[in-house]
Amino acid sequence: SLGDRARLHLRKKKNQKGRIYLKQFLKILYLRKEKNMKKEKIVQEFKDIKELIYNSAKTYANNIAFVVKHQEGKNKTYENITYKMLLEQINALGTKLYSMGLKNKRIAILGRNRYEWALGHLTSLLGGIISVPLDKDLQVDELENSLIRSKTDAIYFDEKYIEKIEEIKNRNNTNVKEYICMSKLAGYDDIHTLKEEGQKLLEEGNKEYISAKIDENVMNILLFTSGTTSKSKAVMLSQKNIASNVYAMQRVEDIKSTDSNLAFLPMHHILGSTCLIVMLACGVRTSFPDGLRYVAQNLKEYEVSLFVGVPLLVEAIYNKVVKEIDKQGKTKLIKNAIRVSNFLLKLHIDIRRKLFKPIIDQLGGKMRFVISGGAPLDPKIQKGFIDLGIDMVQGYGLTETSPVIAAENMYKSRTGSIGVPMENVTVEIVNKDDNGIGELRAKGPNVMLGYYENDEETNKVLKDGWFYTGDLGYIDKDGFIFITGRQKNMIVLKNGKKIFPEEIETLVNRIDLVEECMVFGMPDEVDKNDVKLSVKVVYNKDEVIQKYGDISFDEIRDIIWDRIKNEVNTTVPRYKHIMNMILTDKELIKTTTKKVKRNEELKEILGH
């Protein structure tokens, strides 16, 4: 065998031949392991979420589904809710909701990520009640408008937002009849008391909720898009949409029943709520964060091994690790260690997690897999995690596609790409330009039913079963998809050259003094028919003080402008050179899902 030959030649000190045989031997072992892993990836597909949850309650009955932290002052206690207990609580709450006349009705959810949010959402789905997740950061008027537009009959609310709820209740403009608090609160029904009352009804033989049939093809979730440029649209999703996407994600991503997940993505966002169900389908343990400032603490506290986040957060976590390495004066040492471990990886010898254990310990010690979604990720961040022995992939999708259209996995990954289409999704690029760049469209069981009460907008994006994303990109010869930018954000110069601001923004954001930025076309003062490529930069105050001390605003401007000219303009063609910069320390205007509101920023910049 190759292994015997390798040993023989290495013993005889014929190192060259021995190494060749050893490399071939290890490669075969690796390919066999990869093939076996792929063979073992057997995933059951469910037609609806009710089937999925019942299966998990049986398969993972005693696994912990959720960890709930109770804190009074400095005292902390942890409540473990198993999969069996979860189903029992869903059925108890659902039975009570039916008895309150909420069968076939609509229930909104407003609150932070917490167990009661998940319980409320799942109870609606398992009973065919339409779930309407709402953004907790909406202003009262926007919140009221969402409740009116969605024709909501009841709402679960977090006690933290009682002032908003009281104001809406007093205005009495909505159809909401039942206000259910997520904790015990004077004057309101609460989710826990309703659950207890529902349990009594079950014991008395009330089986109406448990025996409810689910129609997987009708609207069961109504989700508002972030509406970056106009009034948000309400997306109608069915259980088939969600279940098909959960199945597709299970097929390609390495999620294990032994994993511990921190539910950081807002659950009113489609990626957050679908990931919640993916974790439950896989038997994973989920805990809830205490807030952005406590992420590092929560990673250790819950021994998190699996983390799903937006690039902004993922990059912040990685940069914190890099800064700590730099602070300890170990940057050169780590770079050399990475070079050595990457060389060994070519021989299929993986020592990364042992070699970089002190760094992984900063992330709680158990972190093994990071998934990024919601926006493009800087390839350098992805490579940085992988170099340390933490697998990382990114995916792409929209609310309208439940959400994932394409994703990388540990077998199919290419720098700068969003991966390949999900197994049950077809992707095409249409209306291509001379460079092969065109609009991405998708077809599959995950594509929405349409926009609620908005046929005009629905017909713009849904044509012959295809969903037109509005994103521009191309597919390479191996089937990897690359997104170049949003169609509506594209900057077209007078000479016909096209610039995707997202591409330039990635380069500018790599400058350590830059907190965030937005690239745009500023009307040219000389030629009114042309635009001058410009950037608005929000600088990082802490980074500036740490590197340069107390310097003036003009000095900060000069330093950053010089770095843009030397580190960005020199790496792109001349027509993509940034010609103008606006500097500020004020955060860019964003949606609640942290996407920059480009139109509002432009209005502010241009003084309109």
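Hydrogens, waters and symmetry mates are skipped; everything else that's a heavy atom, side chains included, is used. Please read all numbers here as calculations on a predicted model, not as lab measurements.
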S.K.: Which heavy-atom pair separates Glu144 from Ile168 by the least distance, and what is that distance?
M.R.: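 Looking at all heavy atoms of both residues, the shortest contact is N-CD1, 4.0 Å.
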
S.K.: If you measure from CG on Leu185 to CD1 on Ile162, what distance do you get to the nearest 0.5 Å?
M.R.: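 It is 5.0 Å, given to the nearest 0.5 Å.
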
S.K.: Under 4.0 Å between a Lys/Arg side-chain N and an Asp/Glu carboxylate O for Glu208 and Lys103?
M.R.: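 Lys103 and Glu208: salt-bridged.
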
S.K.: Is it true that atom NZ of Lys200 has more than 12 heavy atoms of other residues, nucleotides or ligands lying nearer than 6.0 Å?
M.R.: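 At most 12 heavy atoms, drawn from other residues, nucleotides or ligands, come within 6.0 Å of this atom.
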
S.K.: To the nearest 0.5 Å, how far apart are CG in Asn241 and OG in Ser402?
M.R.: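 Output value for this atom pair is 4.0 Å.
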
S.K.: Which atoms form the tightest heavy-atom contact between Val308 and Cys275, and what is the distance?
M.R.: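 Distance-wise, the nearest heavy atoms are CG1-SG, 4.0 Å.
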
S.K.: Is Glu439 salt-bridged to Lys463, cutoff N-O under 4.0 Å?
M.R.: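 Salt bridge: no.
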
S.K.: Looking only at heavy atoms, which two atoms of Gly272 and Leu265 are closest? And how far apart?
M.R.: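 In terms of heavy atoms, the two residues are closest at CA-CB, 3.8 Å.
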
S.K.: Apply ring pair (Phe, Tyr, Trp, His ring centres under 6.0 Å) to Tyr161 and list each qualifying residue two or more places apart in sequence or on a separate chain.
M.R.: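 Checked Tyr161 against ring pair (Phe, Tyr, Trp, His ring centres under 6.0 Å); zero matches.
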
S.K.: So which of His70, Lys69, Glu301 actually passes side chain to side chain donor-acceptor pair (under 3.5 Å) with Tyr78?
M.R.: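 Of all the options given, the one that passes is Glu301.
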
S.K.: Would you say Lys586 has more than 12 foreign heavy atoms packed within less than 6.0 Å of its NZ?
M.R.: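 Atom NZ in Lys586 is not crowded, with 12 or fewer foreign heavy atoms closer than 6.0 Å.
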
S.K.: Do Asp471 and Tyr396 pass the side-chain hydrogen bond (donor to acceptor under 3.5 Å, both in side chains) test, and can you show the C-alpha distance, the side-chain angles, and the key distance before you say yes or no?
M.R.: CA-CA 11 Å; Asp471 283 318; Tyr396 160 82; 2.6 Å; yes

S.K.: Taking NZ, NE, NH1 and NH2 as the nitrogens, is one of them in Arg486 or Glu505 under 4.0 Å from a carboxylate oxygen of the other?
M.R.: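 Not counted as a salt bridge, because no side-chain N and carboxylate O are separated by less than 4.0 Å.
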
S.K.: If only atom types and distance count, is the side chain of Asn540 paired as donor or acceptor with the main-chain N or O of Glu515 below 3.5 Å?
M.R.: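 Checked: no pair found.
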
S.K.: Hey, could you give me the CG/CD1 distance between Leu110 and Ile155, rounded to the nearest 0.5 Å?
M.R.: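 Reported value, rounded in 0.5 Å steps: 5.0 Å.
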
S.K.: Minimum heavy-atom separation for Ser244 to Asn424, with atom names?
M.R.: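 So the two residues come closest at O-ND2, 3.1 Å.
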
S.K.: Distance-only, no hydrogens or angles: does the Arg106 side chain make a donor-acceptor pair with backbone N or O of Ser150 under 3.5 Å?
M.R.: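 Here the side-chain-to-backbone pair exists.
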
S.K.: Do Lys460 and Glu400 pass the salt bridge (Lys or Arg N to Asp or Glu O under 4.0 Å) test, and can you show the C-alpha distance, the side-chain angles, and the key distance before you say yes or no?
M.R.: CA-CA 13 Å; Lys460 283 180 186 176; Glu400 292 88 340; over 6 Å; no

S.K.: Salt bridge check: are Arg171 and Glu167 linked by an N-O gap of less than 4.0 Å?
M.R.: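 Salt bridge: yes.
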
S.K.: Answer yes or no: does atom NZ of Lys184 have more than 12 heavy-atom neighbours from other residues, nucleotides or ligands under 6.0 Å?
M.R.: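 Buried by this count: over 12 neighbours within 6.0 Å.
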
S.K.: Is there side-chain contact between Cys282 and Gln250, with heavy atoms separated by less than 4.5 Å?
M.R.: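 Result yes, sub-4.5 Å side-chain heavy-atom pair found.
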
S.K.: Between CG of Leu588 and CD of Glu604, what distance do you get to the nearest 0.5 Å?
M.R.: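 Leu588 atom CG to Glu604 atom CD measures 9.5 Å (nearest 0.5 Å).
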
S.K.: Does Leu472 offer a backbone N or O that forms a donor-acceptor pair with the side chain of Thr484 under 3.5 Å?
M.R.: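 Judged by distance alone, yes, a pair lies under 3.5 Å.
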
S.K.: Within a 6.0 Å radius of atom NZ on Lys50, are there more than 12 heavy atoms belonging to other residues, nucleotides or ligands?
M.R.: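 Yes, the 6.0 Å shell around NZ holds more than 12 heavy atoms from other groups.
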
S.K.: Between Tyr302 and Val67 (side chain of the first, backbone of the second, donor and acceptor by atom type, cut-off under 3.5 Å), is there such a pair?
M.R.: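 Looks like no, no N/O pair under 3.5 Å.
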
S.K.: Does Met249 form a side-chain contact (heavy atoms from CB on, under 4.5 Å) with Asn245? I'd like the steps, not just the answer.
M.R.: CA-CA 6 Å; Met249 281 194 258; Asn245 210 235; 3.5 Å; yes

S.K.: Are His268 and Leu134 close enough, and set up right, to give a side-chain contact (heavy atoms from CB on, under 4.5 Å), and what steps lead you there?
M.R.: CA-CA 6 Å; His268 71 265; Leu134 295 175; 5.9 Å; no

S.K.: Taking the side chain as every heavy atom from C-beta outward, state whether Glu116 and Tyr156 have any atom pair closer than 4.5 Å.
M.R.: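 No, every pair of side-chain atoms sits at 4.5 Å or beyond.
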
S.K.: Does the side chain of Leu222 reach to within under 4.5 Å of the side chain of Met236, using non-hydrogen atoms?
M.R.: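 Yes - at least one pair of side-chain heavy atoms lies under 4.5 Å apart.
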
S.K.: Side chains of Glu456 and Tyr451: do they bring a donor and an acceptor to under 3.5 Å?
M.R.: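 Side-chain D/A pair, Glu456 to Tyr451: absent.
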
S.K.: Strictly below 4.0 Å, N to O, side chains only: are Lys590 and Glu601 in salt-bridge contact?
M.R.: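 Salt bridge flag = no for Glu601 with Lys590.
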
S.K.: Tyr209 and Thr123: which non-hydrogen atoms are nearest, and at how many Å?
M.R.: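 Heavy atoms of Tyr209 and Thr123 come nearest at OH-O, 2.7 Å.
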
S.K.: Would you say the side-chain atoms of Lys177 pair up with the backbone N or O of Asn175, donor to acceptor, closer than 3.5 Å?
M.R.: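 Between the backbone of Asn175 and the side chain of Lys177 there is a qualifying donor-acceptor contact (under 3.5 Å).
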
S.K.: Kindly check if the number of other-residue, nucleotide or ligand heavy atoms within 6.0 Å of CD (Gln139) is above 12?
M.R.: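 No, CD of Gln139 has 12 or fewer neighbouring heavy atoms, counting only those of other groups under 6.0 Å.
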
S.K.: Where do Ile317 and Lys320 land on the side-chain contact (heavy atoms from CB on, under 4.5 Å) test, with the steps shown first?
M.R.: CA-CA 5 Å; Ile317 290 170; Lys320 193 173 179 183; 5.9 Å; no

S.K.: Do Glu178 and Leu97 have side chains that get closer than 4.5 Å, going by heavy atoms?
M.R.: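 With C-beta onward as the side chain, the pair stays apart.
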
S.K.: Has Leu312 got more than 12 heavy atoms of other residues, nucleotides or ligands less than 6.0 Å from its CG?
M.R.: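 No.
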
S.K.: Write down the atom of Leu147, the atom of Ala108, and the distance for their closest heavy-atom approach.
M.R.: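 In terms of heavy atoms, the two residues are closest at CD2-CB, 3.8 Å.
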
S.K.: Among side-chain atoms of Thr506 and Asp378, is any donor-acceptor pair under 3.5 angstrom?
M.R.: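 Absent: no donor and acceptor within the cut-off.
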
S.K.: Can you list everything that forms a ring pair (Phe, Tyr, Trp, His ring centres under 6.0 Å) with Phe66? Sequence neighbours excluded, please.
M.R.: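 Residues passing ring pair (Phe, Tyr, Trp, His ring centres under 6.0 Å) with Phe66: Tyr115, Phe288.
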
S.K.: Indicate yes or no for a side-chain donor-acceptor contact from Thr401 to the backbone of Pro403 under 3.5 Å, with no hydrogens or angles considered.
M.R.: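 Side chain of Thr401 to backbone of Pro403, a donor-acceptor pair under 3.5 Å: yes, one is there.
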
S.K.: Indicate yes or no for a side-chain donor-acceptor contact from Thr469 to the backbone of Leu440 under 3.5 Å, with no hydrogens or angles considered.
M.R.: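 Yes, because the side chain of Thr469 sits within donor-acceptor range (under 3.5 Å) of the backbone of Leu440.
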
S.K.: How long is the span from the CZ atom in Arg149 to the CZ atom in Phe224, to the nearest 0.5 Å?
M.R.: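 Separation between the atoms: 5.0 Å.
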
S.K.: Evaluate the side-chain proximity of His121 to Met267: yes if any heavy-atom separation is below 4.5 Å, no if none is.
M.R.: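 The answer is no; the side chains never approach within 4.5 Å.
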
S.K.: Judged by atom type as modelled, is there a donor-acceptor pair below 3.5 Å linking the side chain of Gln239 to the main-chain atoms of Ile49?
M.R.: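 Present.
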
S.K.: Is there a side-chain contact between Met422 and Asn446 in this structure, where contact means two heavy atoms from C-beta onward sitting under 4.5 Å apart?
M.R.: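 No, their side chains stay 4.5 Å or more apart.
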
S.K.: For the pair Asn217 and Ser238, evaluate side-chain hydrogen bond (donor to acceptor under 3.5 Å, both in side chains) and give the outcome as yes or no after the intermediate values.
M.R.: CA-CA 6 Å; Asn217 296 306; Ser238 68; 5.5 Å; no

S.K.: For the pair Trp117 and Asp158, evaluate side-chain contact (heavy atoms from CB on, under 4.5 Å) and give the outcome as yes or no after the intermediate values.
M.R.: CA-CA 8 Å; Trp117 199 109; Asp158 189 321; over 6 Å; no

S.K.: Can you tell me how far OG1 of Thr286 sits from CG of Asn261, rounded to the nearest 0.5 angstrom?
M.R.: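 Answer for the CG-OG1 pair, Asn261 versus Thr286, is 4.0 Å.
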
S.K.: Are Phe264 and Asn298 close enough that some pair of their side-chain heavy atoms sits under 4.5 Å apart?
M.R.: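 They are not in contact (no side-chain heavy atoms under 4.5 Å apart), so the answer is no.
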
S.K.: Hey, is CD on Glu72 packed in by over 12 heavy atoms from elsewhere, all under 6.0 Å?
M.R.: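 Incorrect, the count does not exceed 12.
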
S.K.: Kindly say whether Phe520 contributes a backbone atom to a donor-acceptor pair with the side chain of Lys536 at under 3.5 angstrom?
M.R.: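 No; zero donor-acceptor contacts below 3.5 Å.
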
S.K.: Check this for me, if you would: do Lys84 and Glu88 make a salt bridge, where the nitrogen-to-carboxylate-oxygen distance has to be below 4.0 angstrom?
M.R.: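 Salt bridge between Lys84 and Glu88, a charged N being under 4.0 Å from a carboxylate O: yes.
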
S.K.: Find out whether Lys151 and Glu453 are in side-chain contact, i.e. whether some heavy atom of one side chain is under 4.5 Å from a heavy atom of the other.
M.R.: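 Yes, side chains in contact.
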
S.K.: For the OH atom on Tyr294, are there more than 12 heavy atoms of other groups (residues, nucleotides or ligands in this structure) within a distance under 6.0 Å?
M.R.: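 No - once you tally the heavy atoms of other residues, nucleotides and ligands closer than 6.0 Å, there are 12 at most.
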
